[in-house]
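A quick write-up on the structure given underneath.
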Amino acid sequence: DAKERGRNGFRFYTQDLNSRTFRHFRLETDLGGAIEDDQLRLHYQPKIELATGRVVGAEALIRWDHPRLGMLPPGQFMEIAEDMTLIEQIGEWVLQQACRDLASLPGTAQALPHIAINVSARQLRQPNLAEEFFAITEEHGIPADRIELELTESVIMDDADTAARVFQRLREVGMSLAVDDFGTGHASLTQLKQLPADTLKIDRSFVMDLEKSHEDAKIVRAIVVMARSLDMQLVAEGVETDAQIHLLREFGCDYAQGFRYSRPVAFDELREMIVNDVRMLPESE
Ligand code: C2E
Ligand code: MG
Ligand code: MG
Ligand code: MG
């Protein structure tokens with residue numbers, strides 16, 4: 001993009017870089033106080049059972065309600081958090097908040113929906129992650145199996161031994177595990193088989209062009225077969241059209257998330273959907 005700006009490109013480029021560095025620096029300074037000042041928020045994207053349209057759970061996605069910059073998506077600050085080791089504190093806040101929200105739902109603990117939480121590379125290397133996470137669920141009276149932890153396939157593959165070890169311990173304390181952004185990280189079948197994960201989430205990039213791309217359709221079909229033979233649940237990410245929903249159902253995919261169903265919403269909105277037992281079916285049904 002710097003190139004497209006013609007002769008003065010270089011100057012603009014350095015200006016961009018400076019303002020980007022400045023913004024980064026400012027965010028880094030502010031992020032330290034974000035938890036204390038109650039500026040972090042969790043939004044929830046419903047997870048839908050494709051066959052029935054029921055909301056069976058949700059994925060918690062962090063936002064930072066910055067006093068001057070407004071609501072920031074994780075792409076704008078989680079890397080900074082990861083560099084600063086603040087990620088451990090933020091990760092605990094995310095689980096705390098998700099448990100508080102879950103505990104506020106009516107009904108018995110066993111009837112609670114599943115909430116998925118994203119875990120980063122640095123958290124994976126956090127000593128006693130499983131014990132600390134388990135303690136948080138207990139503190140809130142949430143059965144550990146209501147919480148599903150998502151790790152991206154590439155983070156898992158970057159340190160497959162650590163991932164396998166941590167997955168094992170999380171499994172022992174009763175938590176569920178998911179491989180996020182599946183298809184982008186080159187895990188082998190053997191590695192997948194050895195990983196005690198319950199769920200595979202097909203990366204959005206394979207779902208995006210499902211109607212148009214025979215290649216993508218073939219890949220998704222193959223992933224469905226593979227997940228079934230590994231006894232894993234399958235979630236398609238980033239579903240935006242009815243045509244994608246119809247194809248995913250035809251292929252035998254179990255669950256889906258995406259803007260066609262719902263954007264990530266505040267917990268109150270998720271609660272409404274769950275309490276009213278809404279069904280989200282594509283048009284013509
Ligand atoms: P992810 O876990 O793969 O989450 C899915 C992302 O895709 C979310 O972006 C979601 O808003 C977006 N998305 C969902 N459906 C659609 C769709 O139909 N179309 C399109 N175009 N996008 C869709 P978001 O919230 O900006 O999160 C981005 C990434 O940040 C997440 O990717 C996850 O890796 C990370 N993240 C989010 N919350 C947390 C957190 O609490 N902790 C950690 N460590 N990482 C987080
Ligand atoms: Mg995720
Ligand atoms: Mg994902
Ligand atoms: Mg993703």
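When a ligand or atom number is given, it counts from 1 through the structure's own listing order.
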Atom indices of ligand 1 within 4.0 angstrom of [X] heavy atoms, with elements:
X      : value
Gly258 : 15 (N), 18 (O)
Ser120 : 44 (N)
Val94  : 41 (O)
Gln123 : 44 (N)
Val239 : 18 (O)

Beyond-backbone contact of Arg260 with Met280, side-chain heavy atoms, under 4.5 angstrom: no

Considering Gln45, Met78, His43, which one's heavy-atom position lies nearest to atom 14 (C) of ligand 1?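 Nearest option to atom 14 (C) of ligand 1, by heavy atoms: Gln45.
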
Shortest reach to atom 30 (O) of ligand 1 by a heavy atom, considering only Pro74, Ala256, Ala60, Ala98: Pro74

Is it the case that ligand 1 has an N or O less than 3.5 angstrom from some N or O of Asp180?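 Yes, there is a polar N/O contact under 3.5 Å.
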
Answer yes or no: is there a donor N or O on one side and an acceptor on the other, between the side chain of Asp203 and the main chain of Ser205, under 3.5 Å?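 Yes; judged by distance alone, with no hydrogens or angles, the pair exists.
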
Does [X] have a heavy atom less than 4.0 Å from any atom of ligand 1?
X      : answer
Glu59  : yes
Gly75  : no
Lys201 : no
Glu82  : no

Cation-pi check, Lys201 onto Phe182 ring (under 6.0 Å, within 45° of axis): no

Quick one: look at [X] and ligand 1, take heavy-atom pairs under 4.0 Å, and tell me if it's side chain, backbone, both or neither.
X      : result
Ile117 : neither
Glu237 : side chain
Leu42  : neither

Tell me, which protein N/O/S atoms are under 2.8 Å away from the Mg ion (ligand 2)?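 Within the sphere that stays under 2.8 Å of the Mg ion (ligand 2), the protein atoms of type N, O or S are Glu59 OE2, Asn118 OD1, Glu150 OE1, Asp180 OD2.
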
Tabulate below the donor-acceptor pairs under 3.5 Å that side-chain atoms of residues 73-91 make, not counting sequence neighbours, or state none.
residue	atom	partner	partner atom	Å
Gln76	OE1	Arg23	NH2	2.6
Glu82	OE1	Ser120	OG	2.8
Glu82	OE2	Arg122	N	2.9

